Each structure stands twice: as structure tokens, then as C-alpha cells.
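For reference, the structure discussed in these notes is given below.
Please read these numbers as outputs of a predicted model, since none were measured by experiment. We name chains A, B, ... by the order of the sequence lines, and we start the count at 1 in each one.
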Protein chains: 2
Amino acid sequence: MTATAPRTSPRKRAGNGTARRIDADEIGLDALVGHAGYAVRRFQIWIFQDFIRTLGDVDIRPTQYSVLTVIGANPGLSQMAVAKRLGIERARLVHLLDSLEQRKLVKRVKSKADRRSHALHLTIKGETALAKFKRLAAEHERHVEAKIGKENRAQLLRILAGFT
Amino acid sequence: MTATAPRTSPRKRAGNGTARRIDADEIGLDALVGHAGYAVRRFQIWIFQDFIRTLGDVDIRPTQYSVLTVIGANPGLSQMAVAKRLGIERARLVHLLDSLEQRKLVKRVKSKADRRSHALHLTIKGETALAKFKRLAAEHERHVEAKIGKENRAQLLRILAGFT
DNA sequence: GAAGATTGTTGTTGACGACAACAATTGTCG
DNA sequence: CGACAATTGTTGTCGTCAACAACAATCTTC
């Protein structure tokens, strides 16, 4: 099979002759272990799924939550400012705000200073709703602690603080 | 928590009257800081972009790399086994393999033991190509070290080891 | 041998990032 | 001042990806 081929550890050769049962957890990942990106991706999938499930009753996804949080903490921001701060494309933010505005959580106010832009604000309903979302998000965060450990979660936040 | 709007720190109310300039980096994230999911998402975006850029010349994306790596380390696996191991939907893996097979990096061999399934193998070209991909991936990993620090990267891998 | 499960495949839906084009408005600079 | 460039929100397209659902071929189980 090889032409010198620097393969590392072909552990089981169960493909052809032998019909050996292979449990998914005994398959070697080889070089994948040791790649930060892979671990981070798997973790991110887990954490998002838990977030979506925990905030399932209120039907709020992570991105929506981040938008509401930023507007709540900085009323009057333009769409451009919010998009830049969260690393979202402004085109994408349009749809997010359309949805949040339909649900009466956010309102776009025409800015008088710059008639091109909209000043974003939470509605009253949006503020009380966000308070509830924050409680649920805190619950989700406790799930993370339970999963990786309180100390490890703190470490993680410290390590990745530069990316927020 | 209360219906009396427990907003935490509406720092600047720059929306309407005042036309104050707001730099993107002085916008408060409020509750978003302290959410592991947000930090992880931003970091994952950064790390994937660097991976894609570093492996840009060979046109290999992170998911493709993970598939090649697992097949290389465990020749003869079925599509189902690979999908389960990597947390990919088997429907999605079909397209990934279509692409990799067109590029002559992977071949689907009809399994004699179970005629429903395919035994997955790297081609000769696939093996030498993967060796090159691994060198580039190692380079990418050095970028990660340069970004967050060698010690922090090791910590991160340790913390997230359970998700691989 | 019949009923049920598994494997690969095709298709659809929706969230998301990246890009391009456009009208309205603002800023700049000759 | 007035022409030209830049910005803001919007619409649209394209490609990636997760989540389902349905299906034929094949295996497993009773």
C-alpha cells in the first residue's frame, strides 16, 4: 500500500478480508490530535448546541443573543458599528435585525445626525426579554462549567480574551 | 430577574443628539465577555481562516484535512465509521468524498464483507499529498502558537482533549 | 423467509461568511 | 461651491455546513 509513505499508525486494517467490528471510539485520529483547530471546532459545536437547546424555549440563537446584548449595552449604535464589533457582515446583520424587529425586540430609529444610518435600540419588550435571555445564558454557562470544569472554563476565557 | 430592566452599563448614548465618533473597539460587550461560546466562536473563525490561508496553495479546507487524516491513519474504514468519528453527517461526507475522489486523493473500494459499504483508502497520490498537507498544517499550528502563546495552546489542547 | 436495521445516496431547509452591486447620503478636495 | 470619492443600509448570489427526510440496496434477526 505504501510508497514509503510516512503514515504514522495504521492501527487496524479492517476494511477488506476481515469483517471486524469497529467501535467509533477506537479509531485513531493520528495527526488530528494535536491540532488546536479540530479541538476548538468540536467544542464549539457542542457549546452552540447546548446554547441553542438551553435557549430553545425563547427561540434565540447565539448570534441573535450577541446582537441583543451589544445593543442593550450600547443603545443608539449604527448597524455598521454593531457589525464591526461582532465581526458580522453588515449584509448579514440586516436579516438578523429584520427578524428581531419583527419580534418587536429591537427598533431601528432614523438617525438625525447621519441620515444614512439607523440608531439601534431595544424596545421595552426587548429589554425585559433580554433579561430573561441572560438568565438562560447563565444557565448555559453553568453547563459549560459542568462539562469542562470551573477552573478550565476560567482558563479558557483568559486564553481567548484577546479574540472578544 | 426583575422586570425593571436590569441593564448593566449603557456606556455611551451616542445615537441621536450627539454625533460622537465611535471606534469599534470602544464598544462595550457587556454580558458577552464571560461567555465561553462567544470567545470560542471568534477564535474558531480566526483559526479556520488561518488554516484555509496556510493550506490555500493546495486547496484543502479543515474538514477535508480531517477526513484525509482519519482515512490515512485507518485505511479501510467505512463512510459511516469516518462520519461518526469526525462528527460529520454521513450525507455531508458523501460530497466531501466525491470531491476528494475526483482529485484522485481517495478511493472508495467496494467492501466484500459488507456489500453496502465502501472501504476508504488513500491513493498513492493521496498519501504523498497528505504528507505535504501535514507539513503545512504544522506550519499553521505554529501560527496558532505565535498568536496565543505556546503554553496557552498546550493548555487549550489539554482542556479540550475530551472533545476530540 | 419476513421484518427491521444499516449504508450510501439524493434532496431540502436554514444559519452563516464572503462578495458584489446599488441608491441615498455624507465627506473631501480642487 | 460643486464634482468626486467614501460610507451606510439594502438586496442578491454563491459556497460551506448542520439537520432532516426519504429511498434502494443490503445486512441482521427472529
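Scanning all heavy atoms of the two residues, the minimum distance from Ala36(B) to Glu141(A) falls at N-OE2, 2.7 Å. Counting all heavy atoms, side chain and backbone alike, Lys125(A) lies closest to Arg103(A) at NZ-O, 3.2 Å.
When the ring pair (Phe, Tyr, Trp, His ring centres under 6.0 Å) test is applied to His140(B), the partners found at least two apart in sequence or on another chain are Phe51(B). Glu101(B) meets the salt bridge (charged side-chain N to carboxylate O under 4.0 Å, His left out) test with Arg108(B); sequence neighbours excluded.
In the hydrophobic clustering (ILVMFWY side chains linked at under 4.5 Å, chained through shared members), Met80(B) stands by itself. Other members of the cluster containing Ile124(A) do not exist, because no ILVMFWY side chain is joined to it at under 4.5 Å. Connectivity analysis of hydrophobic side chains (ILVMFWY, heavy atoms under 4.5 Å, direct or indirect) links Trp46(A) to Val40(A), Phe43(A), Ile47(A), Phe48(A), Val144(A), Ile148(A), Leu156(A), Ile159(A), Leu160(A), Phe163(A), Val40(B), Phe43(B), Trp46(B), Ile47(B), Phe48(B), Val144(B), Ile148(B), Leu156(B), Ile159(B), Leu160(B), Phe163(B). Under the 4.5 angstrom side-chain criterion for Ile, Leu, Val, Met, Phe, Trp and Tyr, Leu157(A) has no cluster partners at all.
Distance CG (Leu100(A)) to P (dA15(C)): 12 Å, rounded to an integer number of Å. A straight line from CZ of Arg41(A) to P of dT16(D) spans 15 Å, rounded to a whole angstrom. One atom, CD1 of Ile45(A), and another, P of dA18(D), lie 5 Å apart when rounded to the nearest Å. As a whole-Å value, the separation of Met80(A) CE from dT25(C) P is 19 Å.
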Sequence neighbours excluded and cut-off under 3.5 Å, please list the side-chain donor-acceptor pairs for residues 56-64 of chain B, or say none.
unit_1	atom_1	unit_2	atom_2	d
Gln64(B)	OE1	Arg61(B)	N	2.9

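In this model, the phosphate group of dA19(D) is approached by a side-chain N or O of Gln49(A) to a distance below 4.0 Å at OP1 or OP2. Side-chain nitrogen and oxygen atoms of Gln79(B) include at least one within less than 4.0 Å of the OP1 or OP2 phosphate oxygen of dT9(C). At dC17(D), one or more side-chain N or O atoms of Thr63(B) fall inside 4.0 Å of OP1 or OP2 (strictly under the cut-off).
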Give me, pair by pair, the N or O atoms of the protein and of nucleotides 26-30 of chain D that are less than 3.5 Å apart, along with how far apart they are.
unit_1	atom_1	unit_2	atom_2	d
dC27(D)	OP1	Arg115(B)	N	3.0

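Within residues 88-97 of chain B, the residues approaching DNA chain D are Glu89(B), Arg90(B), Ala91(B), Arg92(B), by heavy-atom distance under 4.0 Å.
As judged by a 4.0 angstrom heavy-atom cut-off over every strand, Gln64(A) is placed among residues making no nucleic acid contact.
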